[in-house]
Amino acid sequence: MNKNNEKILLIVDLSSFIFRAYYAIRPLTTPTGIPVNAVYGVFNMMLKLMETVKPTHMVLALDSKEGGFRKEIYPAYKENRSAPPDDLIPQFELIYELLNLLHLPQIQRPRYEADDIIGSLVSQFAHE
């Protein structure tokens, strides 16, 4: 608990963090040439967030790998978004491995985006 004995649920949109980290940090690679700037950025952002917010509970919301239901409702949904940069793609799996090693809980549901999961969690736990 924090100094006011309040419960704090911290919900992170992991996709947002990954892209923010990727574009905020200059390209970094391992000695073997594997890009890791997003991995480094996500790790540091998570540590900073946990240090400053001091949540009692935390969960990472992930976008569905299958795509969401919104595309069925509105075919042009996210039509203007380009594919992730080539040097970011191998970093996704490294980030997931890192977060698993840190034992950070993650929620991902078929056909739902992180925003949908965040909205559901906020509705469910707002009163607590």
Side-chain angles (χ1 to χ4, degrees):
M1 303 263 184
N2 62 21
K3 61 185 172 190
N4 298 324
N5 291 328
E6 295 174 315
K7 294 179 185 176
I8 298 174
L9 171 60
L10 180 62
I11 308 169
V12 176
D13 180 337
L14 186 59
S15 295
S16 173
F17 261 44
I18 291 171
F19 281 92
R20 282 179 55 201
Y22 174 80
Y23 287 109
I25 298 174
R26 65 177 174 76
L28 296 173
T29 59
T30 66
T32 59
I34 299 170
V36 291
N37 53 313
V39 179
Y40 176 77
V42 167
F43 180 71
N44 283 314
M45 289 166 62
M46 288 293 175
L47 290 180
K48 181 73 172 175
L49 194 57
M50 290 187 290
E51 180 182 294
T52 56
V53 175
K54 296 181 181 10
T56 54
H57 302 80
M58 184 172 175
V59 65
L60 308 177
L62 287 77
D63 292 328
S64 169
K65 293 180 181 179
E66 296 86 18
F69 63 88
R70 296 174 192 208
K71 188 86 167 160
E72 295 168 13
I73 296 169
Y74 179 62
Y77 181 68
K78 292 189 177 181
E79 192 172 78
N80 62 345
R81 289 209 182 159
S82 57
D86 289 342
D87 62 335
L88 176 57
I89 294 170
Q91 296 185 65
F92 286 110
E93 195 57 41
L94 294 172
I95 291 167
Y96 299 144
E97 286 179 36
L98 170 67
L99 298 174
N100 285 331
L101 288 171
L102 294 173
H103 303 287
L104 294 176
Q106 303 162 35
I107 297 178
Q108 183 178 50
R109 296 291 182 262
R111 303 185 66 233
Y112 288 90
E113 295 185 14
D115 293 342
D116 303 314
I117 294 168
I118 292 168
S120 294
L121 291 172
V122 168
S123 293
Q124 185 177 353
F125 295 107
H127 65 281
E128 293 182 40

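- Contact annotation: the side chain of Lys48 approaches that of Thr52 to within less than 4.5 Å [non-hydrogen atoms, C-beta and beyond].
- Under a hydrophobic-cluster definition in which Ile, Leu, Val, Met, Phe, Trp and Tyr are linked whenever side-chain heavy atoms come within less than 4.5 Å, directly or via other members, Ile118 and Met58 are assigned to different clusters.
- By the rule that hydrophobic residues join a cluster once side-chain heavy atoms approach within less than 4.5 Å of another member, Leu94 and Leu102 end up as members of one cluster.
- Considering all non-hydrogen atoms of both residues, Gln91 and Ala38 come closest at OE1-N, 2.7 Å.
- Follow the hydrophobic side-chain contacts under 4.5 Å out from Leu62 and you reach Val12 in the same cluster.
- Residues Asn37 and Arg26 share a closest heavy-atom pair of CB-O, 3.3 Å.
- Put simply, Leu10 and Val59 are part of two different groups of oily side chains (I, L, V, M, F, W, Y) that touch within less than 4.5 Å, one to the next.
- In this structure a side-chain-to-backbone donor-acceptor pair under 3.5 Å is missing from Gln106 to Leu60.
- Between Met46 and Leu99, the shortest heavy-atom distance links the atoms CG-CD2, 4.3 Å.
- A pairwise comparison of heavy atoms in Val42 and Ile18 identifies CG2-CA, 3.8 Å as the closest pair.
- Between Ile117 and Ile11, the closest side-chain pair of non-hydrogen atoms is not below 4.5 Å.
- Put simply, Leu28 and Tyr23 are part of the same group of oily side chains (I, L, V, M, F, W, Y) that touch within less than 4.5 Å, one to the next.
- At least one side-chain heavy atom of Ser16 sits under 4.5 Å from a side-chain heavy atom of Arg20.
- Using a 4.5 Å cut-off on side-chain heavy atoms (C-beta onward), Ile95 and Phe17 make no contact.
- Looking only at side-chain heavy atoms (C-beta outward), Leu88 and Phe92 come within less than 4.5 Å of each other.
- Within the model, atoms OH of Tyr96 and CD of Gln108 stand 6.5 Å from one another, a figure rounded to the nearest 0.5 Å.
- Nearest heavy atom pair, residue Pro35 against residue Asp87, reads CG-O, 3.2 Å.
- Residues Ser15 and Asp63 share a closest heavy-atom pair of OG-OD2, 2.9 Å.
- Residues Met50 and Leu104 have side chains in contact (heavy-atom distance under 4.5 Å, counting atoms from C-beta outward).
- The distance from atom OG of Ser64 to atom CD of Glu113, rounded to the nearest 0.5 Å, is 8.5 Å.
- Here the side chain of Thr56 pairs no donor or acceptor atom with the backbone of Lys7 at under 3.5 angstrom.
- In this structure, Asn44 contributes its side chain and Gly41 its backbone to no donor-acceptor pair below 3.5 Å.
- Within the model, atoms NZ of Lys54 and CD of Glu6 stand 14.5 Å from one another, a figure rounded to the nearest 0.5 Å.
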